[in-house]
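Just so you know, ligand 1 is whichever comes first in the structure, and atom 1 is the first atom listed for that ligand. Quick caveat, the model's predicted, so the values are computed rather than measured.
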Amino acid sequence: MPTRVFLDGEVVPAGKARVSVFDRGFLYGDSVYEVLRTFGGAPFALGEHLDRLDHSGAGLRLPLPPRVAIEAAVRVTLAAAGNAESYVRVMVTRGSGPIGLDPALGDRPVLIVIVRELELPDARLYRDGAEVALVSVWRNHPRALDPAIKSGNYLNNILALAEARGRGAYEALLRDAEGFITEGSSSSLFVVTAGTLQTPPLGAGILDGITRRHVIRLARSRGLVAEERPLRPADLTGADEAFICSSLRSVLPVTRVDGVPLGAGRPGPVTLALAAAYLDHARVAAG
Ligand code: PDD
């Protein structure tokens, strides 16, 4: 199934999509990005993702191309790829220039949109639930590299995931320096205790997850209590249910923490109801 890339104003096949080795995205991760998916062929929550891209750009003092240009690039790349469902990655780098940290050395923002066929995690993970590992790698402090900025520098998350995978887990959970749980390497975390949802607050130093927002709203609209509050590892290991969520995964149950079954050891009823509600909601909202 075709992968198509928007680069320098045109849509090209994957093999033709090349950037300079002097691009600052390559040299320093000096770039911002978003990942989203289509439902029924239409991008879901594109506006919210582009708002967050704006926020990330402002955080790096990286001027972005006009929003209409980004929206048009997403549209033409999706149309050129023609997949039933797509993964969409929108990136803006600070461009190329002489090697050096000074951001003024970047020549111009470069917009790249990668569209490929959507691949979801293994169905077994949704059926049986995933294992997470509370890794030793701390989440970046907001005053070092703010996790609310979705930049091309994902080494903090890569190190965490490497540790988790080395321990046989599917996803890493990162704590802050005080031991509070923040988020996954590429997902937000929820726990369910006595029917109430709990998720770390934005002040915990996390990405403002778009799936997280929709899940909170959906839960409240169904009469559930959804609290944003600091979570300790014991709040997770003692919970009845847990799940992670992200734009690509939607809602994915968590059933083991560091090799130990969580709750009943299988996806719980609140998680399953929210997972189904989220998919229905996304299909309607995208279409
Ligand atoms: N990652 N936290 C982190 C650190 C993330 O990288 C992501 C998403 C999330 C979930 O955010 P959202 O619901 O807006 O997708 C939370 C994307 C999917 C990625 O980098 O592939």
Considering only NZ, NE, NH1 and NH2 on the basic side and carboxylate oxygens on the acidic side, decide whether [X] and [Y] come within less than 4.0 Å.
| X | Y | result |
| --- | --- | --- |
| Arg232 | Asp235 | no |
| Arg167 | Glu131 | no |
| Glu228 | Arg212 | yes |
| Arg67 | Asp54 | yes |

### Query
With under 30° as parallel and over 60° as perpendicular, where do the rings of His281 and His214 fit, or are they tilted in between?
tilted
Could a heavy atom of [X] be found less than 4.0 Å from some atom of ligand 1?
| X | answer |
| --- | --- |
| Pro147 | no |
| Arg89 | no |
| Arg139 | yes |
| Lys150 | yes |

Among all protein non-hydrogen atoms, which one is nearest to [atom], and what is the separation to 0.1 Å?
| atom | result |
| --- | --- |
| atom 3 (C) of ligand 1 | Glu183 OE1, 3.5 Å |
| atom 21 (O) of ligand 1 | Val35 CG2, 3.7 Å |
| atom 6 (O) of ligand 1 | Tyr154 OH, 2.5 Å |
| atom 15 (O) of ligand 1 | Ser247 OG, 2.6 Å |

### Message
For the 3.5 Å polar cut-off, considering only N or O atoms, please tell me whether Arg52 and ligand 1 meet it.
### Response
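By distance alone, the answer is yes.
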Quick one: which ligand 1 atoms are inside 4.0 Å of a heavy atom on [X]?
| X | answer |
| --- | --- |
| Ser188 | 10 (C), 16 (C) |
| Tyr33 | 19 (C), 20 (O) |
| Ile210 | 12 (P), 13 (O), 14 (O) |
| Asn157 | 4 (C) |

### Task
Say whether Asn156 and Arg139, considering side chains only, have a donor N or O and an acceptor N or O under 3.5 Å apart.
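Yes, a side-chain donor-acceptor pair sits under 3.5 Å.
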### Query
Do you see a donor-acceptor pair shorter than 3.5 Å between the side chains of Thr38 and Glu85?
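Yes, a side-chain donor-acceptor pair sits under 3.5 Å.
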### Query
Where does Leu207 meet ligand 1, judged by heavy-atom distances below 4.0 Å: at the side chain, the backbone, both, or neither?
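Only the side chain of Leu207 comes within reach of ligand 1.
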### Query
Would you say Ile114 and Thr3 make side-chain contact, with heavy atoms under 4.5 Å?
yes
